[in-house]
There are 2 protein chains.
Amino acid sequence: MTVTIKDIAKAANVSYSTVSKALNDSPLVKPETKRMIVEKANELGYTPNFSAKHLVTRRTNTIGLVWPTIERVALSALVTRVNQHITNSGRTMILSINHALEAVELFSRMRIDGILLFEEEIPQDKLPNNIGIPLLSYGVPAIEQFPTVGVQHELAMELAVKEFVEIGHQSIAYAGVINGTGRRQQAKQIGYEEAMRKRGLKSQRIDTRGLDACDADSAIERLLTEPTLPTAIICSSYDIAIGTLRALRRNGIQVPNDLSLISYDNIPQLAEADVPLTAVGVPIDKLAKELVETLLALIEGEQAATGRKLTPELVRRNSTKPRA
Amino acid sequence: MTVTIKDIAKAANVSYSTVSKALNDSPLVKPETKRMIVEKANELGYTPNFSAKHLVTRRTNTIGLVWPTIERVALSALVTRVNQHITNSGRTMILSINHALEAVELFSRMRIDGILLFEEEIPQDKLPNNIGIPLLSYGVPAIEQFPTVGVQHELAMELAVKEFVEIGHQSIAYAGVINGTGRRQQAKQIGYEEAMRKRGLKSQRIDTRGLDACDADSAIERLLTEPTLPTAIICSSYDIAIGTLRALRRNGIQVPNDLSLISYDNIPQLAEADVPLTAVGVPIDKLAKELVETLLALIEGEQAATGRKLTPELVRRNSTKPRA
DNA sequence: TTGAAAGCGCTAACAG
DNA sequence: CTGTTAGCGCTTTCAA
């Protein structure tokens, strides 16, 4: 049997409501009594029962993160930051890597304070429409069912294309999942194509068919069988950039001398790639902060701040070079 | 206000205890009534309250995974598998990426059914000794405080050294964290050194000082300033191997022609590296299965099966070559 | 087959 | 300051 406040009450010769107050550091208990009770509690190895407490207070101080795809570097970095921000706010984050539907259902049953949804594949209208607790989605909403913190992906691509054009490139390809179902991916592709179109440039798609570094690697291998190569490539994510870099190097193509690269994402790891990568994206910490703050506001009942789109920034490193 | 079984009871004109039975598909309720109640529940958008249910049944069907370091590929793969096995057993996994102490404390307060601890840095005696729920640790126990599923790391290193020696190598280095605090890392290093010693070979340590691919990358760069190189390297993990491979390639050293590599870990990703990597380790699915099964047994109250150490296997791919 | 009632561990009025 | 008591939402005897 685990020890409850009643056990402590018995051991301390007080009523269990006094124990409750003492353990919650209520000013309604004499410091002396309080000290004595806390001591007894420690002696007995008391651990408060989360469920019982939750049931009566209706507060869990817990936020759930739905994150079905753990094996992606850029998202790992973001999740780590989000966890820090949540911890700093005095709350706790728990995480589910199950399918989004099941994860949301779980958190919803748990009645935790809020849900952060990192998932872009499923249409949001497949989610229960009334989950009872605030849910904030990250990415690109399919429909406006839930509040979303997004990124101006189109602008990110515009920045990348602009940068390349300004240093003389014309033949600029985009490496990523082409015409896929992921909405973040779609937005990037569209942004790229629009940026090219409005400059009268021909878009060139390199379909990686997947989001892992090795998917990009294979895609570049296929590209290299073509007669001509682009002079610049925009990679749709950190992992894609890493795979691209790897394949190019293996084939003796030097970045940035032979070919320039800009990656999407804005995480410190980009600086530590083989060739420090010029990149475009919302700084990860800004993103994490915005996500947490918005969700907390939602939890506090504020309706505001939804549908925001954060502004990406260009960070110049060493993977681009003017076209001679 | 969220809807409770009382609301359903009112809407269905039955007592709320009948609703409870109906929703739990009890045979004590007339099928007709049951159907009617379930229908009302759906109409009202009822979601069972996990805490309330838990409080009375004392079962959560939930297992918590403590996993403070999400940014490591081999562990991600393992976690994904563990989640699958837990799901298959009809339970749910939740995850915390907080510091192990806080995470264990959280899960302990939640009174979930069991804890899986993926953390090797902190001494286990820093953990509360009486957490009230079964905890299974993965790795190398510092002390025998908790049951552990481990790996025969020493044997893994023995296998790797043996393989190299059999194909003619003598100058075999080990790349990993040297004399670090992580117990899994320590065990590998010791295994390597023992395997070398007993063959009268001189051990050569390449200290990566960290566990990321880029740590390995830098370490290899440092190594390359030395006058002579080993002919073979054993890498202590997937990430280390990837970084090693990258640095070698960048410096024009071909694997396996100029230098042979064996990696620790046994995950499918190894086959997809630039050079498919020969590796040694417990197959990840076996590991995941063992972890989940052992924890479930512990939850069922069986004391058995603890302190097990799984046997690693050698998987030959293309990163080794006989020494001429 | 259904309902009434007790109680899981805890907090929060309210009374003393 | 401390104790009494009424629930939080649910399951589970026990009666009807």
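So you know, we letter chains A, B, ... as the sequences are listed, proteins then strands, and number each from 1. All values derive from a computational prediction rather than experimental measurement. Just the heavy atoms: all of them, side chains too, but no hydrogens, waters or symmetry mates, feed the values below.
- At the phosphate of D:dC10, neither OP1 nor OP2 sits under 4.0 Å from any side-chain N or O atom of B:S20.
- The residue among B:P27 and B:T57 whose nearest nucleotide of DNA chain C lies closer to the 5′ end is B:P27.
- Straight-line distance from the NZ atom of A:K6 to the P atom of D:dT4: 12 Å, rounded to whole Å.
- Between B:T33 and C:dT2 there is a side-chain N or O to OP1 or OP2 distance below 4.0 Å.
- Only A:Y16, A:S17, listed by number, bring a heavy atom of residues 8-17 of chain A to less than 4.0 angstrom from any atom of DNA chain C.
- Between the P atom of D:dC10 and the CE atom of A:M110 lies a distance of 15 Å, rounded to the nearest Å.
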Margin query: Assess the residue pair B:S15 and B:T18 against the criterion (side-chain hydrogen bond (donor to acceptor under 3.5 Å, both in side chains)); give the C-alpha distance rounded to whole Å, side-chain angles, the decisive distance to 0.1 Å, and a yes or no.
Written below: CA-CA 5 Å; B:S15 78; B:T18 304; 3.1 Å; yes
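- No side-chain N or O of A:S237 forms a donor-acceptor pair with one of A:D265 less than 3.5 Å apart.
- Across all non-hydrogen atoms, the minimal contact from B:A100 to B:P68 is N-CG, 4.2 Å.
- At whole-Å resolution of the value, CG in A:N49 and P in D:dC10 are 16 Å apart.
- Ion pairing between B:E290 and B:K286 fails under the 4.0 Å rule for side-chain N and carboxylate O.
- As rounded to whole Å, 16 Å separates atom P of C:dG7 from atom CD1 of A:I5.
- Looking at A:R59 and A:T57, their side chains never bring a donor and an acceptor atom within 3.5 Å of each other.
- Relative to the side chain of B:V56, the nucleotides D:dC8, D:dC1, D:dT11 differ in distance, and D:dT11 lies closest.
- For D:dC1, the OP1/OP2 oxygens have no side-chain nitrogen or oxygen of A:K30 closer than 4.0 Å.
- In this structure, A:F50 places its CZ atom 16 Å from C1' of C:dC8, rounding to the nearest Å.
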Measure all distances between protein nitrogen or oxygen atoms and nitrogen or oxygen atoms of nucleotides 14-16 of chain D, and list the pairs falling under 3.5 Å.
none

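- Per the geometry, NE2 belonging to B:H54 stands 17 Å off C1' belonging to D:dT12, to the nearest Å.
- Shown here for A:Q186 and A:G180, the closest heavy-atom pair between the two residues is NE2-O, 2.8 Å.
- Taking both residues in full, the closest heavy atoms of A:I37 and A:L23 are given as CG2-CD2, 4.4 Å, listed atom of the first, atom of the second, then distance.
- The nearest pair of heavy atoms linking A:I115 to A:L295 is O-CD1, 3.8 Å.
- Between B:R58 and D:dT11 there is no side-chain N or O to OP1 or OP2 distance below 4.0 Å.
- Regarding B:N61, its CG atom lies at a distance of 15 Å from the C1' atom of D:dT11, rounded to whole Å.
- To the nearest angstrom, P of D:dC8 lies 20 Å from CZ of A:R59.
- Checking A:L95, A:L106, A:I97 one by one against B:M93, the side-chain contact (heavy atoms from CB on, under 4.5 Å) holds for a single residue, A:I97.
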